[in-house]
2 protein chains.
Amino acid sequence: MANNVTIALDAMGGDFAPEIVIKGAHIALTRYPDTKFLIFGDEKKITPLLKRTKLLKQASDIIHTDDIVTSDMKPSLALRQGLKSSMGLSIKAVAEGQAEGIVSAGNTGALMVLSRFILKMLAGVDRPAIATLIPSLAGETVVLDLGANVECAVHNYVQFAVMGALFAKTLLAQIEPSIGLVNVGEEDIKGNDTLREAHHILQNIALPGLYQGFIEGNDILEGAVNVAVMDGFTGNVALKTIEGASRLMSEFIRQAFYSSWPAKVGYVFAKRALNKMKLRFDSRSYNGAVLLGVNGIVVKSHGGTDELGFANAVGVTIDMVAKSYNERVRTLFEALNVSDQFFKKEKTS
Amino acid sequence: MANNVTIALDAMGGDFAPEIVIKGAHIALTRYPDTKFLIFGDEKKITPLLKRTKLLKQASDIIHTDDIVTSDMKPSLALRQGLKSSMGLSIKAVAEGQAEGIVSAGNTGALMVLSRFILKMLAGVDRPAIATLIPSLAGETVVLDLGANVECAVHNYVQFAVMGALFAKTLLAQIEPSIGLVNVGEEDIKGNDTLREAHHILQNIALPGLYQGFIEGNDILEGAVNVAVMDGFTGNVALKTIEGASRLMSEFIRQAFYSSWPAKVGYVFAKRALNKMKLRFDSRSYNGAVLLGVNGIVVKSHGGTDELGFANAVGVTIDMVAKSYNERVRTLFEALNVSDQFFKKEKTS
């Protein structure tokens with residue numbers, strides 16, 4: 001399945017571009033040997049880096065671009081000036097069929113608007129959602145939206161539930177993923193009208209998974225469901241709060257091991273196991289957020305990640321392509337006649 | 001200052017009422033020896049519990065109530081049927097000046113509507129907010145709103161910032177607390193119109209603290225500010241996500257120490273230090289969420305807490321009373337002529 005996938009790389013996006021992009025692609029190639037890469041960016045910077053890896057060099061073409069989307073560029077400006085940037089051209093390569101997926105560690109807002117503009121939406125999907133996997137007590141959980149939509153309408157939540165469930169089926173191989181809608185309580189009366197209407201629709205339609213109703217914030221990491229659906233504001237704050245919690249607890253643990261002589265001795269014995277544990281919560285292991293709903297596989301790597309993190313984002317991209325995620329969304333939305341069933345009918349009933 | 005504070009207790013609220021209420025009040029009394037308690041609830045259940053603690057018995061009066069607000073009672077029903085319940089009457093004791101603060105581990109929604117109805121709002125405050133302290137890399141951080149308002153208008157955010165800053169001044173003794181408004185990014189253009197307008201007002205008015213602008217989810221636990229202001233939906237999900245993160249990491253740590261023999265040995269050495277560390281993140285240590293903005297000190301204890309947690313909630317109540325939190329809010333709102341300055345002027349400008 002994963003044979004001969006071609007991935008477009010925005011070599012100029014992220015805090016440590018293009019170094020970690022090239023190093024990350026090299027690592028990804030050792031994991032997925034048949035992958036081809038189209039590398040978009042400043043040839044003068046990329047060529048010397050590629051010389052260090054014969055493997056990647058043979059599997060890659062460099063497409064030189066002068067333009068760059070900077071990390072602080074407003075999306076509106078990126079849309080006007082970014083079409084010929086490394087980001088814009090790498091997305092275009094997917095639109096034109098030269099590549100099947102694209103990875104960028106650059107400006108998230110720019111990546112969203114350029115992807116939407118260049119690739120267009122999948123039929124039946126109104127707005128994109130950013131989704132990722134995070135570790136949970138049950139293994140891994142799909143969370144979306146992580147910031148593409150500050151506010152959501154009823155049909156956005158419903159579409160996110162469908163796309164998120166297919167995401168869980170694709171990446172987690174869940175046969176019947178369970179889906180929860182994040183709210184401030186589990187009772188039907190909780191939340192606002194939009195959430196309650198989405199809840200009502202989700203209870204009454206055929207989904208590629210099992211809708212379990214409203215869930216609360218703690219349920220996300222406790223793994224109460226396979227797919228946690230939120231608006232992009234809540235999802236963004238929740239995910240970043242988890243980052244903060246992880247840092248706080250790591251610091252508390254560090255202080256605990258430094259707080260006494262027995263604790264220091266204990267650390268020496270437990271170090272190996274603790275480092276393994278740390279990896280389970282390592283943001284690099286979960287790097288690679290997917291922009292669901294656009295007509296092409298677009299993956300956002302964290303801007304500050306290292307080559308291992310970037311390699312994981314490339315891996316997610318290859319997986320999404322190889323497992324035909326977008327075809328599955330397209331087929332399902334067509335079969336369900338989603339645009340009628342989810343919105344129009346329910347809205348007028 | 002803390003002399004002779006009288007606290008009303010809803011003895012029938014919470015999962016383990018009235019046992020933990022009585023035991024918790026006993027512990028609180030050993031910490032604040034001059035406190036008096038008015039205990040509202042089922043006399044037959046309370047009297048035998050009080051017999052075990054001579055100290056608390058001497059400092060308490062029992063006021064018998066037949067009615068109870070159940071944990072699943074809808075707020076609207078609680079408002080109709082709860083006025084003579086242990087919860088309703090304990091709030092009434094504050095309204096009538098028999099007590100200066102009230103603690104309940106019962107139904108949060110009911111506590112909010114009954115408090116608002118019986119105590120009314122402080123002049124100048126439109127809606128209450130639930131606030132609490134949580135541990136952070138900088139020590140402790142005030143977070144609000146944690147669920148009183150699913151949606152917020154511009155002036156709600158502004159009022160929450162004022163009340164939250166005074167809360168930090170009162171409980172954390174911060175002279176000039178720093179305040180942040182939680183958003184999906186730090187740039188002025190992030191978020192929605194409501195947040196951006198609140199941001200603009202907060203940048204331009206005199207506050208009992210220093211407004212530092214938009215912050216992100218990770219900043220909350222990293223302690224980037226002393227006061228993190230959010231709408232109640234976001235705050236509720238964020239706080240519960242932290243609970244989930246804490247449980248997940250505790251489980252990962254537990255598994256790490258069980259994963260090998262050296263790790264098990266390490267645990268024996270480090271156990272004491274790790275247990276101390278655990279206490280720093282223990283939700284009991286931070287039990288006691290305050291309903292800010294109502295004309296009386298109302299504190300919500302977690303429904304599932306134990307006597308130590310409940311004692312902490314009583315401590316928060318005594319602190320809020322002794323340090324005249326509501327008088328400070330009242331004085332400040334009057335001095336600022338808040339209702340004009342924050343909303344009307346800015347809204348029509």
Give me the atom names and distance for the closest heavy-atom approach of [X] to [Y].
X: A/P262; Y: B/F269; answer: O-CB, 3.2 Å
X: B/K240; Y: A/V184; answer: NZ-O, 3.7 Å
X: B/A256; Y: A/L274; answer: CB-CD2, 4.4 Å
X: A/T241; Y: B/I242; answer: CG2-CG1, 3.3 Å
X: A/V182; Y: B/V237; answer: CG1-CG2, 3.8 Å

Is chain A contacted by the side chain of [X], its backbone, both, or neither, given a heavy-atom distance below 4.5 Å?
X: B/E187; result: neither
X: B/K74; result: side chain
X: B/N275; result: neither

Looking at [X], I want to see if its [atom1] is surrounded by more than 12 non-hydrogen atoms of other residues, nucleotides or ligands under 6.0 Å.
X: A/K271; atom1: NZ; result: no
X: A/R196; atom1: CZ; result: yes
X: B/F117; atom1: CZ; result: no
X: A/H199; atom1: NE2; result: yes

| request: Would you sort out whether B/L221 and A/R247 count as a side-chain contact (heavy atoms from CB on, under 4.5 Å), showing the intermediate values? | output: CA-CA 8 Å; B/L221 290 181; A/R247 251 169 250 166; over 6 Å; no

Between [options], who has the most heavy-atom pairs with chain A when the cutoff is under 4.5 Å?
options: B/L248, B/L239, B/N236, B/D219; answer: B/L248
options: B/S246, B/S260, B/G147; answer: B/S246
options: B/S259, B/S250, B/S136, B/G223; answer: B/S136
options: B/G235, B/G185, B/G244; answer: B/G244
options: B/V268, B/D72, B/I253; answer: B/I253

| said: Taking side chain as everything from C-beta outward and backbone as N, CA, C, O, which of these in A/I220 sits under 4.5 Å from a heavy atom of chain B? Side chain, backbone, both or neither. | reply: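 A/I220 touches chain B through side-chain heavy atoms alone.
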
| query | What part of A/V150 gets closer than 4.5 Å to chain B, counting heavy atoms only: side chain, backbone, both or neither? | reply |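 Just its side chain gets close to chain B.
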
| Pick from A/E251, A/K276, A/E222: which one has the most heavy-atom pairs with chain B under 4.5 Å? |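 Most heavy-atom pairs within the cutoff with chain B belong to A/E222.
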
| Most chain B-contacting option - heavy-atom pairs closer than 4.5 Å, from A/A270, A/A238, A/P135 |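 With the most close heavy-atom pairs to chain B, the winner is A/A270.
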
Could you pull out all donor-acceptor pairs under 3.5 Å where a side-chain atom in residues 227-234 of chain B meets a protein atom, sequence neighbours excluded?
from, atom 1, to, atom 2, distance (Å)
B/D231, OD1, B/F233, N, 2.9
B/D231, OD1, B/T234, N, 3.0
B/D231, OD1, B/T234, OG1, 3.3
B/D231, OD2, B/T234, OG1, 2.7

| query | To the nearest 0.5 Å, what is the distance between CE (A/M249) and NZ (B/K278)? | reply |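 Reported to 0.5 Å precision, the distance equals 9.0 Å.
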
| query | Between A/F257 and B/F257, what is the ring plane arrangement, given parallel below 30°, perpendicular above 60°, and tilted in between? | reply |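 Judged by the thresholds at 30° and 60°, the geometry between A/F257 and B/F257 is tilted.
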
